[in-house]
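Start at 1 with the first residue, then count along the sequence. Reckoned from all heavy atoms, side chains included, excluding hydrogens, waters and symmetry mates. Whatever order the structure lists ligands and atoms in, that order sets their numbers, starting from 1.
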Amino acid sequence: MKSCVFSPPSRRVLLTRTLNILRTYNIKPRKKLSQNFVVDPNLIGEILARIKKCNYRKVLEIGGGIGTLTLFLSNAAEEVVTIEVDKKLVNVLEKEVASKRNNVKVIHGDILKIYKELGSFDVIISNIPYHISSKILFILTEMTFKEALLTFQKEFADRLLAKPGEANYGRLTVTANFYFDIEYLGMYPPASFYPPPKVYSTMVSLRRKTIHIDVPLKYFQDTIRKLFTLKNRTLKSALKNIVPADKYTPELVQKLEKYMTRRVRSLSMGELIEITSILYKHFEEGTV
Ligand code: SAH
């Protein structure tokens, strides 16, 4: 494949390469591992443009697949590490990419098990194995990087990007936005991949942010989890369910008065932080 740095070839060329590799190596894409390989030059171009614009040098790719993206990444960056769980695809990555590019390192492993050993990167890229979307999000909170460019199943990305009051706004939204600034980068149809998945995909950018809260993180997370299981109720009604009756005092009601008639799902990050802080101080020992 002719791999020009910032202008990937046409979809037809990408698809032909994909089909050739699958045939040559006798590979049947495994649904269980979300094996849908990118064949969309726009998706690849978006990632390469970002790498160039931000001058990223060290790249981690989660789920290298048959190396389509890996090849372009190796042109655009100084160092590329790609993790792949499927031994057969590791063989493809070694033969088709690593043997031709000395700046690519292929690691055979499950990202969920080895992420702590990987060190730091400028950018982490993944056409996310759909079955592990939330788990990947969680491990990213423990990894070191400047930006992650992730292509999620659209419905999952919609939840990350939801605004207070929208139907998709929930615990996942609040938790993810607590750790990251999340930006929408584009939507891609099933035909962007081979074999095509059943769903649309959305690319998002994640950048680490630091929110300061004056309660223990675990208390904040537990409270968010409890509140959002009752997200369609008013705060008042939700609290009645999660605060022991003897602790649901007039003082507590007064402290939270301005929020009591609001639906949980309409509360913004800032409001939730304030509410959690009031609850924590009210109970001091920190049990809702
Ligand atoms: N990035 C490639 C491949 C995407 S398909 C492309 O865009 O073409 C997703 C890839 O992730 C598959 O190759 C699958 O085998 C791999 N994968 C799935 N679960 C994984 C895990 N837990 N750790 C590492 N790789 C995984």
Side-chain angles (χ1 to χ4, degrees), residues 1 3 8-9 11 13-22 25 27-48 50-51 59-77 80-98 104-118 121 123-140 142-143 148-153 156 185-186 188-204:
M1 177 172 54
S3 35
R11 179 176 187 280
V13 171
L14 291 168
L15 185 59
T16 304
R17 173 190 183 266
T18 302
L19 294 173
N20 279 340
I21 287 191
L22 295 182
Y25 291 86
I27 289 165
K28 292 198 175 51
R30 292 163 69 181
K31 265 208 188 110
K32 254 182 103 174
L33 291 175
S34 309
Q35 290 179 351
N36 306 101
F37 307 113
V38 67
V39 290
D40 184 336
N42 295 328
L43 191 155
I44 297 173
E46 173 79 31
I47 291 172
L48 298 180
R50 200 91 174 176
I51 290 178
V59 181
L60 174 70
E61 183 188 24
I62 302 174
I66 56 171
T68 314
L69 190 57
T70 327
L71 269 177
F72 292 104
L73 294 175
S74 74
N75 289 339
V80 180
V81 176
T82 184
I83 313 284
E84 176 52 58
V85 74
D86 185 337
K87 185 92 183 73
K88 269 186 132 178
L89 300 186
V90 169
N91 179 40
V92 177
L93 286 162
E94 293 284 3
K95 295 214 167 97
E96 297 292 327
V97 187
V104 175
K105 184 175 163 199
V106 182
I107 298 180
H108 179 209
D110 178 344
I111 185 63
L112 302 178
K113 297 196 180 128
I114 61 171
Y115 69 97
K116 285 194 175 145
E117 299 150 31
L118 297 174
F121 295 88
V123 62
I124 298 182
I125 290 167
S126 189
N127 156 20
I128 286 293
Y130 294 139
H131 61 292
I132 51 172
S133 298
S134 342
K135 286 186 182 152
I136 291 217
L137 209 59
F138 180 75
I139 65 169
L140 287 177
E142 296 186 10
M143 293 179 75
L149 301 172
L150 309 173
T151 310
F152 287 111
Q153 178 170 337
F156 188 84
L185 293 183
Y188 295 91
S192 294
F193 306 93
Y194 183 86
K198 290 208 167 63
V199 293
Y200 271 67
S201 303
T202 299
M203 196 194 295
V204 298

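- Judged by distance alone, with hydrogens and angles left aside, the side-chain atoms of Glu84 form a donor-acceptor pair with the main-chain N or O of Gly64 at under 3.5 Å.
- None of Leu185, Val38, Leu149 except one satisfies the side chain to side chain contact (heavy atoms under 4.5 Å, CB included) rule with Ile47; the exception is Leu149.
- A search for side chain to side chain donor-acceptor pair (under 3.5 Å) contacts involving Tyr194 returns nothing, not counting sequence neighbours.
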Write 'none' if nothing qualifies; otherwise put on separate lines each N/O atom of ligand 1 with a protein N/O atom under 3.5 Å away and their distance to 0.1 Å.
from, atom 1, to, atom 2, distance (Å)
ligand 1, 1 (N), Glu61, OE2, 3.3
ligand 1, 1 (N), Gly63, O, 2.8
ligand 1, 7 (O), Asn127, ND2, 3.2
ligand 1, 8 (O), Val38, N, 2.9
ligand 1, 13 (O), Gly65, N, 3.4
ligand 1, 13 (O), Glu84, OE1, 2.7
ligand 1, 13 (O), Glu84, OE2, 3.4
ligand 1, 15 (O), Gln35, NE2, 3.0
ligand 1, 15 (O), Glu84, OE2, 2.6
ligand 1, 22 (N), Asp110, OD1, 2.8
ligand 1, 23 (N), Ile111, N, 3.0
ligand 1, 25 (N), Val85, N, 3.4

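- A donor-acceptor pair is defined here as one N or O able to donate and one able to accept, closer than 3.5 Å; such a pair exists between the side chain of Ser126 and the backbone of Ile62.
- Contacts classified as side-chain hydrogen bond (donor to acceptor under 3.5 Å, both in side chains) and involving residues 35-48 (residues at least two apart or in different chains) are given here: Gln35-Asp86, Asp40-Ser192.
- Scored by the side chain to side chain donor-acceptor pair (under 3.5 Å) test, Thr70 finds Glu61 as partners (sequence neighbours excluded).
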